[in-house]
There are 2 protein chains.
Amino acid sequence: MESTILIPEIRELLVQNDTSALKELFESEHPVRIAEWLAEFEPEEIRQIFSLLPPYHQASILVNFDKDLQVKVVMTLNRQEASRLFTAMPHDDRADLFKLLSEEEQEELLPSLAHAEREDIRRLASYPEGSTGSVMTSDYMALPPNITAEEALNRMRREAPDKETIYYAYVIDEDRKLLGFLSLKDLILANPKKKIEDIMHREVIFSRVTDDQEETARKIQKYNLIAIPVVNGNNALVGIVTHDDALDIITQETTEDMEKFMAITGSHESSAYLKTSPLEHFKNRGVWVFILAILGLISGMIVQRYENLLSQFAVLVTFMPMLAAAGGNTGSQSATLIVRALALKEITPKDVLKILFKECQVALLLGILLGGMAFGRVLLQGGTMTIPNGYSLSLIGLAIAIALALQVLTSTLFGAILPIIAAKMKWDPAVVASPSLATIVDITGLLIYFNTASYILGI
Amino acid sequence: MESTILIPEIRELLVQNDTSALKELFESEHPVRIAEWLAEFEPEEIRQIFSLLPPYHQASILVNFDKDLQVKVVMTLNRQEASRLFTAMPHDDRADLFKLLSEEEQEELLPSLAHAEREDIRRLASYPEGSTGSVMTSDYMALPPNITAEEALNRMRREAPDKETIYYAYVIDEDRKLLGFLSLKDLILANPKKKIEDIMHREVIFSRVTDDQEETARKIQKYNLIAIPVVNGNNALVGIVTHDDALDIITQETTEDMEKFMAITGSHESSAYLKTSPLEHFKNRGVWVFILAILGLISGMIVQRYENLLSQFAVLVTFMPMLAAAGGNTGSQSATLIVRALALKEITPKDVLKILFKECQVALLLGILLGGMAFGRVLLQGGTMTIPNGYSLSLIGLAIAIALALQVLTSTLFGAILPIIAAKMKWDPAVVASPSLATIVDITGLLIYFNTASYILGI
């Protein structure tokens, strides 16, 4: 990153206490970039720099630090500095930060905040993790229905500096019930004398505080919104979720989905790869590695039970890795497609019959492909194999091919049906996906393989 | 979906030719919802409905159809209807649609379009798939530096209906070089008499037409932008990418990443799960299933080579499924973490030493866990095993435990290093991830296993 060049310079300026040069440097730069530089400094140094900047500027830098650093920096501030910073922060970010402070720190901070701020933080911090309430912000623009477009525009001018977005304004009645919305574009294009209620759109796409955060993010995506209004149980407007939060939610959720797919536990909300300690990484990964190893041992016991069959037909051992690969791969393929299609709302659990019919067809084609491969391989390389008397190469080939095709069919259908069942039960479909799936179809696959072979070979 | 109730009603109104009821129904609804309903109708019926609506409304519904249906609907229109619709469409969507038309259809459409539209479509359609140029739109708001805020606002009022977003305006010189930008918020807050060049922000975050589309989307995410300006090789402003496109790009890229992870080929740009035919699904999945099955056969041949060792120590077969599971799982875990961390720019290939050091520590912990499990299992269940004379249970347990720990170490490091090498070579890191990785570490794992066991047992 180019920013690394600047860090020694900033440190130099700090030592020389050259406040005007520091101010100038920080005024012209984007807060996201400044946050990248400052992340390399000690909290005490950051405090020193913050003391040169107005609170709104401190706030816009602070929210771009990761959560750990945000807490550390706030801890260096005195009560007055902290309360000024909290007052200037976006409402959603400050509620998130507040939740990370210890109870004593919270108690110390609250009295120095104004009543409105205190109530706002308490309310936003009260929604459960993962709900729309927990990611919304309360600094939105609300308008009454009976003022004119010109009055609305003037009001927006007055209130704009405090609002997260003024590109959408929400029209509410005395009980804060959502009546409609209009964009700043509507407002500047409207006849200035027209009433808001005659300009506003009455069909509003909205979310509820209790909705899952991902559902709300997907709504923002589907309807290409800059922000979505959020209502509480009484249908009163209590907040908005903005487009940038939607992007972060979707990124976080897909990362977590992928990690579930790869049997990694733990939330990745704020912990980046390099910042997570080896022990933490071990904990996140070890749980599933351990569980899957136990399932691997069960597979091993199945193999052990068929020791007799295997000692007569050593060729069966040769195809075990291919069997495991085929089951695991076809199962995770169908699971991945179904989990993604469910997440993107391309399908719902109601489509289960259509899905199974389609997967059956795909699995048959894949089964024929792999079965054919195995049959061909047995015939071609048969000369080098030790075969008991009275058995033909083609019979052995057929047994392996049929067992393989059955394995592909069951694992594909397993892969398709498990996420649907999970979705139906309101679990997260990703948890049932590979590699837990791969290990389960390993076990069923070995049973299918050995039983089919025994049956066809008549042992 | 609630929309299914409405479809028979719409059809009824169509049969009765009740145009006023249809118009009323479509005027009050969100184009995204209307598109969901109409997706159930025949292209000819959609044409009939479109003929009741003004072109801008047709356009805002059309862009929410999937690409196939967009083409089908356009094919039912006559030349005049098509050219009106194209003129009303967002510039990026119409260039995308144009690319999907056959050469004859393109030739037929172009002459009926105005010169400016023709040039715009040709230019936007010329950028390679996946580049920022291919996803940008050209209907942005540009301003000269020397007009006042008031003049700028009036200009925006005039031009707003044609622009994708008027929330950001870009300030350019006579050569279209990007001088700065300002938001509509800046503009309505500014003193109306002030010059644009005195209000605008001079530090602009921008992209280049040749940049990868995901890189641009990540910039929009990082800086919380509503839109990002895009410049060509001469640093002239040629388009913008908006926040909703960024969301779609990131969703599409992560879906493709996940599918690569699960060895599914083919792009998912417009093809939803249910719309893809079984044969197409087979093609997307069969390629890798086939390749991985061949690798599985190679594993099988390795097993065959050690037939002698296995016949003496049948217990070694029992641990083969656990070995395969351990290698595959630990390898895909580290690969997943590294691929995601690379995609989210948490790490770069330069961090390779830090990453390998961290992964070594994690792998050692995982190796001790699994090795310990295997050792314990051999000791506990030793009574049921057939062991050649002169070998102690603990020696066999030790051989298996060490082999397993080595397998975990190599597969974890493989999983970490392969995506980094891919990133360094400018390939997509996701292609080297599981299950190709799982199959490769299967092969290396078997070699490690058999060689370690042979060495320790002295065979």
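All values below come from the heavy atoms of this structure, side chains included, with hydrogens, waters and symmetry mates left out. Naming: A, B, ... by sequence-line order, numbering from 1 per chain.
- The NE2 atom of B:H281 sits 11.0 Å away from atom CD of A:Q333, with the distance rounded to the nearest 0.5 Å.
- A:D248 and B:Q221 are linked by a side-chain donor-acceptor pair at a separation below 3.5 angstrom, with hydrogens and angles left out of the test.
- Interface remark: B:R218 contributes side-chain atoms only to the contact with chain A (heavy atom separation under 4.5 Å).
- When heavy atoms are compared at a cutoff of 4.5 Å, B:I166 approaches chain A solely by way of its side chain, counted from C-beta outward.
- Here A:G300 is the residue among A:A217, A:G286, A:G300, A:A325 with the most heavy-atom pairs under 4.5 Å with chain B.
- Between chain A and the residues B:D244, B:I347, B:L225, the most heavy-atom pairs under 4.5 angstrom are made by B:D244.
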- Message: Test salt bridge (charged side-chain N to carboxylate O under 4.0 Å, His left out) on B:K358 and A:E280; report intermediate values, then the result.
- Response: CA-CA 11 Å; B:K358 195 178 285 275; A:E280 198 62 39; over 6 Å; no
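- For A:T254, there are no side-chain hydrogen bond (donor to acceptor under 3.5 Å, both in side chains) partners two or more places apart in sequence or in a different chain.
- Top candidate by heavy-atom pairs under 4.5 Å with chain A, chosen from B:I250, B:L404, B:T330, B:L184, is B:L184.
- Atom-to-atom distance recorded for A:L297:CG and B:L370:CG is 9.5 Å, nearest 0.5 angstrom.
- When the candidates B:F290, B:F357, B:Y223 are compared by the number of heavy-atom contacts under 4.5 Å with chain A, B:Y223 comes out ahead.
- Residue B:T412 touches chain A through its side chain alone, counting heavy-atom pairs closer than 4.5 Å.
- Here the closest non-hydrogen pair linking A:P321 and B:S299 is CB-CB, 3.4 Å.
- Among B:V317, B:T251, B:L279, the residue making the largest number of heavy-atom pairs under 4.5 Å with chain A is B:T251.
- Considering CG of A:N64 and CG of B:N224, their distance stands at 7.0 Å, rounded to 0.5 Å.
- With sequence neighbours left out, the side-chain hydrogen bond (donor to acceptor under 3.5 Å, both in side chains) criterion links A:T165 to no other residue.
- In this structure, CE on B:M322 lies 8.5 Å from CD1 on A:I294, to the nearest 0.5 angstrom.
- Nearest heavy-atom pair, B:K163 versus A:K185, reported as atom, atom and distance to 0.1 Å: O-NZ, 3.5 Å.
- In terms of heavy-atom pairs under 4.5 Å with chain A, the best-connected choice from B:L365, B:V303, B:L310 is B:L365.
- In terms of heavy-atom pairs under 4.5 angstrom with chain B, the leader among A:I338, A:V408, A:I298, A:I226 is A:I226.
- Interface remark: of the candidates A:L189, A:L366, A:L153, A:L366 forms the most heavy-atom pairs closer than 4.5 Å to chain B.
- Between chain B and the options A:A326, A:A293, A:A341, the largest number of non-hydrogen pairs under 4.5 Å is found for A:A293.
- Contact of A:L247 with chain B is made through backbone and side chain together, with heavy-atom distances under 4.5 Å.
- Of the atoms belonging to A:S183, heavy atoms from both backbone and side chain fall under 4.5 Å from chain B.
- The greatest number of non-hydrogen atom pairs below 4.5 Å with chain B, out of A:H201, A:R202, A:E203, A:H243, is found for A:H243.
- Interatomic distance, A:Q361 CD to B:F282 CZ, rounded to the nearest 0.5 Å: 12.5 Å.
- Of all the listed residues (B:I355, B:D442, B:I220), the one sharing the greatest number of non-hydrogen pairs under 4.5 Å with chain A is B:I355.
- The contact between B:M301 and chain A is made by backbone and side chain atoms together, counting heavy-atom distances below 4.5 Å.
- A salt bridge links B:E359 to A:R285: at least one charged side-chain nitrogen sits closer than 4.0 Å to a carboxylate oxygen.
- With chain B as partner, the option from A:M156, A:R158, A:H30, A:K354 having the largest number of non-hydrogen pairs under 4.5 angstrom is A:H30.
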